[in-house]
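Accompanying notes for the structure given below.
The chains referred to below are lettered A, B, ... by the order of the sequence lines, with proteins before strands, and numbering in each begins at 1. These numbers were taken from a predicted model, which means no experiment stands behind them.
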There are 2 protein chains.
Amino acid sequence: MPPSKPTSSARATLADVARHVGVSAMTVSRAISQPDSVAKPTRDRIMAAVKKLGYLPNMAAGTLRSSQSFIIGGVVPTLGFSIFGDTVQGISDVLNDSGYQLILGCSGYSLENEEKLVTALIGRQADGIILTGTLHSPELVPYLRGSGIPTVEMWDISEPRIDMAVGFSNFDLGQEIGRHLVACGYRRLGYVSGTPEHEKREKRAAARSRGFLAAVREAGLAPPARVSVPDPLDMEGSGVVAADFIAAHPEIDALLCINEIVGVGTLYEAQRRGWKIPQKLGIAGMGDANIAHLVHPGLTTIHIPGYKIGQLSAEMMLARLSHGRVKKRAVDVGFELVIRGSTRLPEKAGPAKR
Amino acid sequence: MPPSKPTSSARATLADVARHVGVSAMTVSRAISQPDSVAKPTRDRIMAAVKKLGYLPNMAAGTLRSSQSFIIGGVVPTLGFSIFGDTVQGISDVLNDSGYQLILGCSGYSLENEEKLVTALIGRQADGIILTGTLHSPELVPYLRGSGIPTVEMWDISEPRIDMAVGFSNFDLGQEIGRHLVACGYRRLGYVSGTPEHEKREKRAAARSRGFLAAVREAGLAPPARVSVPDPLDMEGSGVVAADFIAAHPEIDALLCINEIVGVGTLYEAQRRGWKIPQKLGIAGMGDANIAHLVHPGLTTIHIPGYKIGQLSAEMMLARLSHGRVKKRAVDVGFELVIRGSTRLPEKAGPAKR
DNA sequence: ATGAAAGCGCTAACAA
DNA sequence: TTGTTAGCGCTTTCAT
């Protein structure tokens, strides 16, 4: 479907096609964007000329004139570690089926980078912007609100939100895995999280922590002993920190890790030291990295439907863009408790879905 | 850094800034894009006004006038399975540091989709296009060559190429893992690949196969028994097929799998059937998915430096874009044999890097 | 170092 | 159903 005549001469324009057919440029424009408004014979001749000349609309001109870019901007923290890959794929799949393009940026978990990326997107007249999380630079939120650009925040539906949101409650997630560990009969829980500074920047992680702690509290257990890893995306380093922590706190019977990377790292290091899992120690992770099923024993975790989040985010955006102003909405896609071998089984069977 | 005045009124334009400062629009344009060509005092007043008015250039207008979009298009087969995530991250990191934006598309391994995405990118005046692999629709290659748009092909440097390339030889990759298995003393090799139809569409996979077969041949061994899995991205299904294959061919002492997903699936299913790995059977994978280190025993594989490929691809693109026409180049980033527990050790120590 | 004029290619708005 | 006019906001080009 690329134009058949990619000669070195400049690309054909609307006017070229119009001249070739003997109609006005406007008619050609209509034949392309609202075919029904052009008489069939005219349209056929136009489409033939389009094909023959290899005409491809210059979107920059269209965007300039109509202020509609058919670009959606997306910002995720990272594409490493397979955390957000599925989500971006979901967005991409939906957009490309609808004639939109995705401009993608990775913020590296930096609010400053996110802001720069959004600024660039606005300079490109992006029709909509999809962000990750609900924590943004202080200037960005009022700016986006005031700009009127439709915005979707993904992976978190906690308040305050900018506009639309697709995700789940990270508090609920932490609470659910906490309740599960309690239901398994664990009584001395430990917690491996990022540093306090990290949690300041990582609202989602902080919310998970709060949810977990709430679950422990409501069970009447002592507050979990807690250790911080310097980099929650460093599997090996985190595993060593967590295992040293357990060595110093042998009374702990189960460890919750802030994410699956830390969880897998901990599992490995524990096994390297000869500890039987889950006999000596239960280990669980939370969400994101889709690696919990690969290790042995499998890591009990909460699975997040990343692809679905991306898909719904894009669909919600397109709906807003076509149906005009819809009521602001937040969609909770939930999450799924996945019980695997790294923890013992619950004492009484309970629901594992949500 | 977003404009400080995101009022509901229309965004400020160059002319607004010019009026505010009392200079011509052209001077403002220069102050922004070639600051040195504007007198310091003038420039300072202009920048102050830019900030005050929250002026953000409309890239659509700039692109229309100058035919320079500062957009690079990128197409990868998928963002699932963490195969190309690092690569896209590498591209994104480099581009965003240089004022470029990435329009990303996922082709789903379909040449037709790839072509559509590229067509859209050209309609957006993309300054450059980064594709995955060297297999494209028959129309696309001459079209891109004729268009003069700088193109980088990633993950494969085999001929024929469109323009620039960053990757490695998939033939060499298959050959290297094949030679390694031979060096380990394996004599009855088996091979788990995609279907013949799959290999027709998947040139890179086919090249790996040829490399592997060449290694076996040069060692004077019998051609490997071969089995096809319907979907090489389906871990469980592939594992079952591979294990059934081994059950029917008990003489095979080592199995090479077309990718790490199939490799891990095979390892799992083998263990599920109670087979000791690597005692009963050596298992190895090839490249891509970055999951080989997670399983136990670790999967011997060839690691591909995905992030580096993305980084170099973007850098090469930017170099071409600024230095003008450079000689067409292909960069071989190589790959790395990673020996893990799923195969026995080589009989004589050999080099493991390349 | 700065400005004036023109126009990139398209589509909104109005006219016929 | 089709055409005319004008202009989106910027940068190229040429002039001062």
His136(A) side chain to Glu115(A) side chain, donor-acceptor N/O pair below 3.5 angstrom: no
Between C1' of dT12(D) and CD of Gln68(B), the distance in whole Å: 13 Å
Closest approach of Phe70(A) to Asp127(A) (non-hydrogen atoms, all atoms of both residues): N-OD2, 2.6 Å
Pair Ser107(B), Ser110(B): side-chain N/O donor-acceptor within cut-off below 3.5 Å: no
Interatomic distance where CG belongs to Asn58(B) and C1' belongs to dT11(D) [whole Å]: 13 Å
Thr63(B) side chain to Gln125(B) side chain, donor-acceptor N/O pair below 3.5 angstrom: no
Value in whole Å for how far the P atom of dC8(D) lies from CG of Asp16(B): 11 Å
Nucleotide dC8(D), atom P - distance to CD of Gln125(A) in whole Å: 14 Å
Within residues 23-42 of chain B: residues closer than 4.0 Å to DNA chain C (heavy atoms): Val23(B), Ser24(B), Met26(B), Thr27(B), Arg30(B), Ser37(B), Val38(B), Ala39(B), Thr42(B)
Distance-only side-chain donor-acceptor flag, Thr78(A) / Gln89(B), under 3.5 Å: yes
Euclidean distance, atom CZ of residue Arg124(A) to atom P of dG9(D) [Å, nearest integer]: 17 Å
Nearest-angstrom distance from the residue atom CG of Leu14(B) to P of dC8(C): 19 Å
Nearest-nucleotide comparison on DNA chain C, the residue closer to the 5′ end among Ser66(A) and Ala60(A): Ala60(A)
Spacing of Leu64(A) atom CG relative to dG9(D) atom P, expressed in whole Å: 7 Å
Distance in angstrom units between Arg65(A) CZ and dG7(C) P, rounded: 18 Å
Non-hydrogen atoms of Leu56(B) and Arg11(B) that approach each other most closely: O-NH2, 3.3 Å
